[in-house]
Amino acid sequence: MTLSGFRDYLPGEAAVRQEIVRVFRETCELFGFVPLETPAVERWDILAKDRETLDVIIYNVQGSKEEGDGTKKGLRFDLTVPLSRVVAANPNLPRLFKRYQAGPVWRGERPQAGRYREFIQCDADIVGTRSPVADAELVRLMGRVFERLNIREYLVRINNRKILNGLPELAGFAGEHLPEVLRILDKLEKEGLPRITSALEESQFLSAPAAGRILEVLKVASGREQWLSALRDIFAGSGVAQEGIGELAEMGRMLVESGLPAENWTFDISIVRGLAYYTGPVFETTLLKCPEMGSVCSGGRYDSLTGVFGLNKPATGISLGLDRFYAALDRIQALPAAHAGPAAVVIAVDPGSLAVAGNLAADLRENQVRTTLYPESRVRDGLAYAKAAGARWALILGENEMTQGTVQVKDLATGEQKTVPRAQVGSVVGG
RNA sequence: GUGGAUGUAGCUCAGUUGGUUAGAGCACCAGAUUGUGGAUCUGGGGGUCGUGGGUUCAAGUCCCAUCUUCCACCCCA
């Protein structure tokens, strides 16, 4: 029995999860990223550096009696803060640092479907450039991961915090109330424009004209070229917003050139992102067939986070939530196939044949065939194991075969069985 | 963290206003078949009814607590 929000992954599920991570890693390397690994446990002041409110979700780590020091520590709740720490602590890293990392993180929130207390994040980050080209590369990278997993029906929605930062100026409300306003905008997709409209109109922080200006922005909602030009007009007087719009325009051009299909991305003013450290472009990805699972992959630019640790470098990153992604794919029956378990099972008829069977298994493995040597000389059980394990071939040998120098090769998919000379087994099973 | 549902065999579930040794299908195991799985037949094992208390002559059924999973809020992958 596991703790609430913590789970075991039995082989069938674990194999598929690892397959997804494998695709993620390969794609990252194809995009020129290098791996990074950091500890699960971090000093508390590092984790809580950016936001005191995060305290509520950070797991406390008591440490052992033996270690005895009073350092307060906790489990990492994301991979971005540790990355920022590493970057700040290692000034000799390449000026342009592209790293990927897949590993567990912990958050003490109430579990729900696709939402756990321990979950794996697959992160790709680019440190050392302010160019929106980097943000576009991250979106393209994750698009590639989706494509390789045969997921075509997904949508990356992109916004820029700089545009949202122009809202107080545009609508005429105090900047300190922006977080409240953003919380309302964030619910646009979930609750719909009518409810958001009344929420804005009823807000204590907003005058009627202010609410009206915000609604004007909301009506543009999402789009690509038209969206950009509409916002350019609305935010004509705001320098920050214009800067943000310009960055998105460049991102958009790069996405088009990268070959990301137009139906897979859009700009959307209601994408906010809760984490406070975002400063520029932000993105969220949902599976169109499973919108109720929410964002399975998201991220954004955090140009000032490394500064918190003493070395100021711009950075942008994206993160695929493996567990939620898996839960969503499972729900829409789109999980990738995973090859795990033996392709061939070698079965000895009698104890005297086990050694020769072991030798045959070694040969098959030498030929890259995933092979189990059935450890007992019981044909019935060996075949049952082979079937249950999903193996394609059963290779049976006993005294008769040993004297003839042959092996019985049974194709478990068709039930066909034939006598094959020992030397040819590799070509039959391998091909 | 707040509010609300849920929990019976490995899985999906049934179980009548509390009333004898708690059932079904699938799965599993054994035999028919001591060198051949998946079909068929016959037989079989398996549940302290999530856990712990309480009410009652009697609790799967009622009450309380606790845990799990799920839903909403919050937050987010």
Side-chain angles (χ1 to χ4, degrees), chain A residues 1-8 10 20 24 51 53-58 76-80 102-123 142 179 182-183 186-187 190-191 271-276 278 282-287 290 292-300 317-329 331 345 347-353 357 374 376-402 407-419:
Chain A
M1 183 90 89
T2 56
L3 262 28
S4 176
F6 295 82
R7 302 179 303 156
D8 295 319
L10 269 28
I20 296 171
F24 168 74
R51 287 277 288 184
T53 47
L54 281 170
D55 276 23
V56 291
I57 62 163
I58 299 178
R76 64 185 182 202
F77 57 86
D78 73 5
L79 299 176
T80 308
V105 301
W106 295 266
R107 293 183 194 176
E109 303 172 305
R110 191 85 131 211
Q112 240 165 280
R115 174 178 171 163
Y116 312 97
R117 287 180 170 164
E118 177 181 64
F119 59 99
I120 302 248
Q121 286 199 321
C122 302
D123 272 41
M142 283 303 183
L182 294 186
R183 249 190 289 280
D186 194 31
K187 297 195 170 96
K190 198 170 186 177
E191 306 199 345
I271 296 303
V272 171
R273 312 290 308 132
L275 269 69
Y278 291 114
V282 286
F283 4 95
E284 282 193 5
T285 310
T286 46
L287 298 180
C290 195
E292 71 272 17
M293 201 61 84
S295 174
V296 296
C297 174
S298 59
I318 195 163
S319 177
L320 175 72
L322 177 65
D323 304 77
R324 180 174 296 179
F325 188 49
Y326 182 99
L329 293 184
R331 192 170 286 192
V345 175
I347 304 165
V349 169
D350 48 78
S353 310
Y374 196 72
E376 290 160 40
S377 51
R378 289 208 54 185
V379 175
R380 188 186 193 85
D381 290 354
L383 282 169
Y385 163 79
K387 175 78 192 328
R392 169 81 191 276
W393 305 101
L395 309 178
I396 304 160
L397 56 96
E399 278 177 38
N400 298 343
E401 287 75 16
M402 279 166 68
V407 175
Q408 296 295 323
V409 176
K410 182 164 186 135
D411 183 337
L412 293 166
T414 63
E416 277 177 65
Q417 180 172 331
K418 53 190 172 185
T419 307

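Since we're looking at a predicted model, the values are computed, not measured. Proteins come first, then strands; the chains are lettered A, B, ... in the order of their sequence lines, and each starts at number 1.
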**OP:** Output the single nucleotide from G38(B), C74(B), C75(B) whose closest atom is nearest the side chain of Gln112(A).
**Re:** C74(B)
**OP:** In whole angstrom, give me the gap between the P atoms of A72(B) and G15(B).
**Re:** 28 Å
Original post:
Between Arg183(A) and C75(B), does any side-chain N or O lie under 4.0 Å from OP1 or OP2?
Top reply: yes
Subject >> Interatomic spacing from CG in Asn400(A) to OG in Ser353(A) - rounded to 0.5 Å >> reply: 9.0 Å
**OP:** Look at all strands and tell whether Cys122(A) reaches a base, only sugar-phosphate, or nothing, counting heavy atoms closer than 4.0 Å.
**Re:** nothing
**OP:** Could you give the distance separating U61(B) and U51(B) at their P atoms, to the nearest angstrom?
**Re:** 11 Å
**OP:** Return the value, rounded to whole Å, for the distance between atom CG of Asp186(A) and atom P of C73(B).
**Re:** 12 Å
Original post:
Above 12 or not: heavy atoms from other molecules or residues under 6.0 Å from CD of Gln417(A)?
Top reply: yes
Original post:
Hey, does Leu329(A) have a side-chain heavy atom less than 4.5 Å from the side chain of Leu287(A)?
Top reply: yes
Subject >> Separation of A77(B) P from Glu292(A) CD (nearest whole Å) >> reply: 18 Å
Subject >> Complementary nucleotide for G43(B) - Watson-Crick or wobble, under 3.5 Å >> reply: C29(B)
Original post:
Between atom CG in Asp323(A) and atom P in U69(B), what is the gap in whole Å?
Top reply: 13 Å
**OP:** Determine if Phe325(A) stacks with A77(B); use a centre-to-centre distance below 5.5 Å and an interplanar angle below 30° as the criteria.
**Re:** no
Original post:
Can you list the steps and then say if Asp78(A) with Gln121(A) is a side-chain contact (heavy atoms from CB on, under 4.5 Å)?
Top reply: CA-CA 8 Å; Asp78(A) 73 5; Gln121(A) 286 199 321; 3.8 Å; yes
Original post:
Ala113(A) near the nucleic acid: base, sugar-phosphate alone, or nothing, with a heavy-atom cut-off under 4.0 Å?
Top reply: sugar-phosphate
Subject >> Pairwise distance CE(Met142(A)) to SG(Cys122(A)) - rounded to 0.5 angstrom >> reply: 6.5 Å
Subject >> A30(B) and U12(B), which share atom name C1', separated by this distance in whole Å >> reply: 25 Å
**OP:** Please work out if Leu412(A) contacts a base, only the sugar-phosphate, or nothing of the nucleic acid, heavy-atom cut-off 4.0 Å.
**Re:** base
Original post:
Taking the side chain of Arg110(A) as its heavy atoms from C-beta onward, which of G3(B), G38(B), A77(B) lies nearest to it?
Top reply: G3(B)
Original post:
In whole Å, what is the span from the CG atom of Leu383(A) to the C1' atom of U36(B)?
Top reply: 5 Å
Original post:
Whole Å only: how far is the CZ atom of Phe6(A) from the P atom of C67(B)?
Top reply: 15 Å
Original post:
For Tyr116(A) and Lys410(A), take the nucleotide of RNA chain B holding the closest heavy atom to each; which residue's nucleotide lies nearer the 5' end?
Top reply: Lys410(A)
**OP:** Please state how far atom OH in Tyr385(A) lies from atom C1' in G38(B), giving the value in whole angstrom units.
**Re:** 17 Å
Original post:
In Å, rounded to the nearest 0.5 Å, how long is the span from CZ of Arg107(A) to CD1 of Ile58(A)?
Top reply: 10.0 Å
Original post:
Within the structure shown, what part of the strands sits under 4.0 Å from Glu109(A) by heavy-atom distance: base, sugar-phosphate, or nothing?
Top reply: base
**OP:** Provide, to the nearest angstrom, the distance between the CG atom belonging to Leu395(A) and the C1' atom belonging to U36(B).
**Re:** 13 Å
Original post:
Backbone N or O of Pro111(A) within a donor-acceptor pair of the Arg117(A) side chain at under 3.5 Å?
Top reply: no
Original post:
Mind checking what makes side chain to side chain contact (heavy atoms under 4.5 Å, CB included) contact with Arg7(A), not counting sequence neighbours?
Top reply: Tyr9(A), Glu13(A), Arg17(A), Tyr116(A), Asp323(A)
Subject >> Separation between the C1' atoms of G25(B) and C71(B), rounded to whole Å >> reply: 30 Å
Original post:
Can you tell me the Watson-Crick or wobble partner of U51(B), both distances under 3.5 angstrom?
Top reply: A65(B)
Original post:
So which nucleotide does A22(B) pair with, by the Watson-Crick or G-U wobble rule with both distances under 3.5 Å?
Top reply: none
Subject >> Donor/acceptor link under 3.5 angstrom from Arg107(A) side chain onto base of C75(B) >> reply: no
Original post:
Mind checking the C1' distance from G60(B) to U8(B)? Whole angstroms is fine.
Top reply: 7 Å
Original post:
Can you check the Glu191(A) CD to A72(B) C1' distance for me, whole Å?
Top reply: 11 Å
Original post:
Among the nucleotides C74(B), U68(B), C76(B), which one has an atom lying closest to any side-chain atom of Ser4(A)?
Top reply: U68(B)
**OP:** Rounded to whole angstrom, note down the P distance from U21(B) over to G38(B).
**Re:** 39 Å
Original post:
Say you pick atom C1' in U42(B) and the same atom in C49(B); how far apart are they, in whole Å?
Top reply: 31 Å
**OP:** State, with a plain yes or no, whether a side-chain heavy atom of Asp411(A) is found less than 4.5 Å away from one of Trp393(A).
**Re:** yes
Original post:
Under 4.0 Å between a side-chain N/O of Ser298(A) and OP1 or OP2 of A77(B), yes or no?
Top reply: yes
**OP:** Scan Gly114(A) against the nucleic acid and name what it touches under 4.0 Å (heavy atoms): base, sugar-phosphate only, or nothing.
**Re:** base
**OP:** Scan every strand shown for a Watson-Crick or G-U wobble partner of C70(B), both distances under 3.5 Å, and answer none if you come up empty.
**Re:** G4(B)
Measure all distances between protein nitrogen or oxygen atoms and nitrogen or oxygen atoms of nucleotides 30-35 of chain B, and list the pairs falling under 3.5 Å.
unit_1, atom_1, unit_2, atom_2, d
U33(B), O2, Arg380(A), NH1, 3.4
G35(B), O6, Asn400(A), N, 3.4
G35(B), O6, Asn400(A), OD1, 3.4
G35(B), O6, Asn400(A), ND2, 2.5
G35(B), N1, Glu401(A), OE1, 2.8
G35(B), N1, Glu401(A), OE2, 3.0
G35(B), N2, Glu401(A), OE2, 2.9

Subject >> Base of C76(B) paired with side chain of Arg324(A) (donor-acceptor, under 3.5 Å) >> reply: yes
Original post:
Which part of the nucleic acid, if any, lies within reach of Gly5(A) when heavy atoms closer than 4.0 Å are counted: base, sugar-phosphate only, or nothing?
Top reply: sugar-phosphate
Original post:
What distance, rounded to whole Å, do you find between the two C1' atoms, one in A22(B) and one in U16(B)?
Top reply: 14 Å
Original post:
Would you say A72(B) has OP1 or OP2 under 4.0 Å from some side-chain N or O of Lys190(A)?
Top reply: no
**OP:** Determine whether the side chains of Ser377(A) and Asp350(A) contain a donor N or O and an acceptor N or O closer than 3.5 Å.
**Re:** no
Original post:
ring-ring contact (aromatic ring centres under 6.0 Å, His included) with Tyr326(A): which residues, sequence neighbours excluded?
Top reply: none
Subject >> Under 3.5 Å on both distances, the Watson-Crick or G-U partner of A59(B) >> reply: none
Subject >> Nucleotide nearest Arg331(A) when distance is taken to its side chain, options C71(B), C75(B), C76(B) >> reply: C71(B)
